[in-house]
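Inspection log for the structure reproduced underneath, given as structure tokens.
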Amino acid sequence: MLRLFRNLKIAEKLLLTELAMTLSMLLVFSIFALGNHYHNLRTHLAEGILLQMNVVTTSIGPAVMFGELGSATKTLEPLSDNTNIRTIVILDQHQHKLESLHPQHLPTASAWQWLYPFFGDMQLNVPIVVNEKTVGTLRTIIKQEQIVDMLIGFAWSNTVAAIAAALFGYFVMWRLNRYIVGPIHTLQTFVSNITQNHHYEQRIYTTSQDEIGLLGKDINNMLESISQRDAQLQKELEHRKEIEEKLQFLAHYDKSTLLLNRHAFEEIITKKITSPADERKRVYLLLLDLDRFKIVNDTFGHNTGDKLLQQVAHRLRGNMSQEDAIFRLGGDEFAVILEAPKRSTIEQVCNRVIQNISTPFIVDDHEIHIGVSIGIATLRPGFDSKTEVMKNADMALYQAKDAGRNTFRFYSDEDEVNTSELRTLREELHFSLQNHELELYYQPIIHTQQLKTIGFEALLRWRHPTKGVLAPDQFIHLAEGSGLIISIGAWVIHQSLKQLAMWQQTYDKDLFMNVNISSRQLDDDSLSSTIRHALDYYRISPRTLNLEITESMVMRNIESAKHVLYALKQLGIGIAIDDFGIGHSSMNYLKQLPVDILKIDKQFTAGIPHDKVDIAIVDALVALAVSLNLKVVAEGVESAIQFEYLQYKLCHHVQGYLFSAALSASQTTAFLADFPESIPAGFRKAVLPEA
């Protein structure tokens, strides 16, 4: 019942509620009226019969006292004629029945005779007094059939009146409910329309000051707030969309040339590589490097160089179709991803680009001549890494530069043959750590003035099950391409510091360790936490750890490298630039970086003392380090005369085969224990006495 009531409309609920209240009130009133009428009828009947009984008792008193019941019975005839009296009884003073009369009356037909048994007979007693002495009692048994008939008639009249009142009330309530429910229905329709159509600018018109009118005003206020909020949100969304578009542009486009940037390149090349093999067969990657661009920067300045790059980008767009993706990867390096049905089409594109870029540029009233070298690699099914594709294109680019620049080269067939072996080697590298095949070797670093071992360079080796001991240049590029370099690099850091802690405790607490870091590690956010954890775990002073990075790594993206190196310097460790001098260094960049150590490449020390150019370069590098307050380490020292020259030039740190090749941990421990006897006898004889 309640569930049915809940499903009704408000108008129906109100009508039913009001009708139920009205009927309830009528029912209570009717019950009260029937009860009161019944009481009045009963009282009236009893009073009339009592009056007759009082008259009769006065007459039959002497007859009862003297026992003349016959005359008494005759006196009772007036009572017997009363149709409401069922029985008349005369009792003596001891309440013993003397006489009993049962008047006979004609029965009356009534439809309500079945109710008679529910109304019991009444009994009235009147004392019979003679000379103020009670000589008996007159008792009458009164039936209520007449009262029932009159009560039924009264009930019928009341029922008719109640029905008429209910109908009238229903009509009145129906009319009144229209004024109550109508505004509610209007509100409901209005809110439903707002909810479905979201037209929050609409308003409802209200005139009443009751709760419904106040609710309408509150709804209007709410809609006004929603409209204002929507307007504000729309404004914020438009602003956010504008910002997102700018961020999207900055994230995927180079601000200077308006070409796609390296981030966009990595996304697109990854998408191309993961596409079906049939689609990859027609996709080519072109790496472009401008020839003689550094000369332009050095001669005319970076502002002119930036304007030249903008013109180069404009010419590249003019030589490519809209479907081809052109990128600026950084500096003067560009890339193009394009689809072509055959190799000859790519050759035509490359020739067109070379011819176009070789045409003189006019920048700031300067006529500038540059060229472009192009390396080309295909996205073949065997390549499942963008690093491999980039490596192949890089290799082809260097082949183009070796061929005299301003030309192009495809990734060679000979390199394609080696791809299968490299892939197998890369798969085996995945298990090298868990199979304990990786091992660290240590090459001592000697102080030229004190003639003692002051530190080591940790060098990684792979004891391959079938190929023997492999040097890093045979597998590190595979580790970088597959991402394994992160886990291998972390292992190298922990293993080298663990060994350093043992040597510091046994020999010298100032011994230091140089650890090589790859470009992939330098870009990894976990490098700093890995180093910090290792330093804390093995209780190593940060000043005894140096990270070696190559010059090419720094020059690739100077701003990024600067940010990372300064973050690493916060740990208190040292930064060493390895192979310094063999790249295209910028003294200005070197001044900006938090570098502590310069390592002179062995190709320069090898020329001492015969090659004047090598001697001049070494002298210049040592002087540069001294002027910048940097330590300098000469690599590849293999003869006493090289050592003596570097010692004379105040190059304080050297390493090389003159003292020792890279040794295993146990061999290095023996080297430390036996030093200086562990170095060649000829060297000791030539140098130590002088020391």
message: Quick one about N516 and E457 (side-chain donor to acceptor, distance below 3.5 Å, no hydrogens or angles considered), yes or no?
response: yes
field: CD/E267: more than 12 non-hydrogen atoms of other groups inside 6.0 Å
entry: yes
field: Q642 side chain to T605 backbone, donor-acceptor under 3.5 Å
entry: yes
query: If you measure only the distance, is there a donor-acceptor pair under 3.5 Å linking the side chains of S373 and D289?
result: no
task: Just do the side-chain contact (heavy atoms from CB on, under 4.5 Å) check on L663 and Y442 with the steps written out, would you?
output: CA-CA 5 Å; L663 304 172; Y442 306 90; 5.7 Å; no
- request: Verify, without hydrogens or angle tests, whether Q647 (side chain) and Q449 (backbone) share a donor-acceptor contact under 3.5 angstrom.
  value: no
query: Taking only residues two or more places apart in sequence, or in another chain, which ones meet P609 in a side-chain contact (heavy atoms from CB on, under 4.5 Å)?
result: I641
Using a 3.5 Å cut-off and no angle test, enumerate the donor-acceptor pairs between side-chain atoms of residues 529-541 and protein atoms at least two apart in sequence or in another chain.
unit_1	atom_1	unit_2	atom_2	d
S529	OG	S526	O	2.9
T530	OG1	S526	O	2.8

task: Ignoring hydrogens and angles, tell me if any N or O in the side chain of T448 forms a donor-acceptor pair with the backbone of H652 under 3.5 Å.
output: yes
task: Using a cut-off of 6.0 Å, state whether more than 12 heavy atoms not belonging to K569 lie near its atom NZ.
output: yes
query: Side chains of D254 and L309: does their closest heavy-atom pair fall under 4.5 Å?
result: no
message: Measuring only between side-chain heavy atoms, which start at C-beta, is I575 closer than 4.5 Å to L593?
response: no
Any donor-acceptor pair under 3.5 Å from D291 side chain to N406 backbone: yes
- request: Go through the side-chain N and O atoms of Y645 and D619 and say whether any donor and acceptor fall under 3.5 Å apart.
  value: yes
- prompt: Are the side chain of Q504 and the backbone of L511 linked by a donor-acceptor contact shorter than 3.5 Å?
  reply: yes
query: Would you say K452 and D508 make side-chain contact, with heavy atoms under 4.5 Å?
result: yes
query: Do side-chain atoms of T506 reach the backbone of W503 as a donor and acceptor pair under 3.5 angstrom?
result: no
- prompt: Taking C-beta and beyond as the side chain, do Y411 and L285 meet within less than 4.5 Å on heavy atoms?
  reply: no
message: Quick check: do R543 and F512 have side-chain heavy atoms less than 4.5 Å from each other?
response: no
Sole candidate of E428, E437, Q474 that passes side-chain hydrogen bond (donor to acceptor under 3.5 Å, both in side chains) when paired with H464: E428
query: Below 6.0 angstrom between ring centroids: does that apply to F671 and F659?
result: no
query: How about L316 and L288: do any of their side-chain heavy atoms sit closer than 4.5 Å?
result: yes
message: Quick check on side-chain hydrogen bond (donor to acceptor under 3.5 Å, both in side chains): which of K599, K602, Q443 does E635 satisfy it with?
response: K599
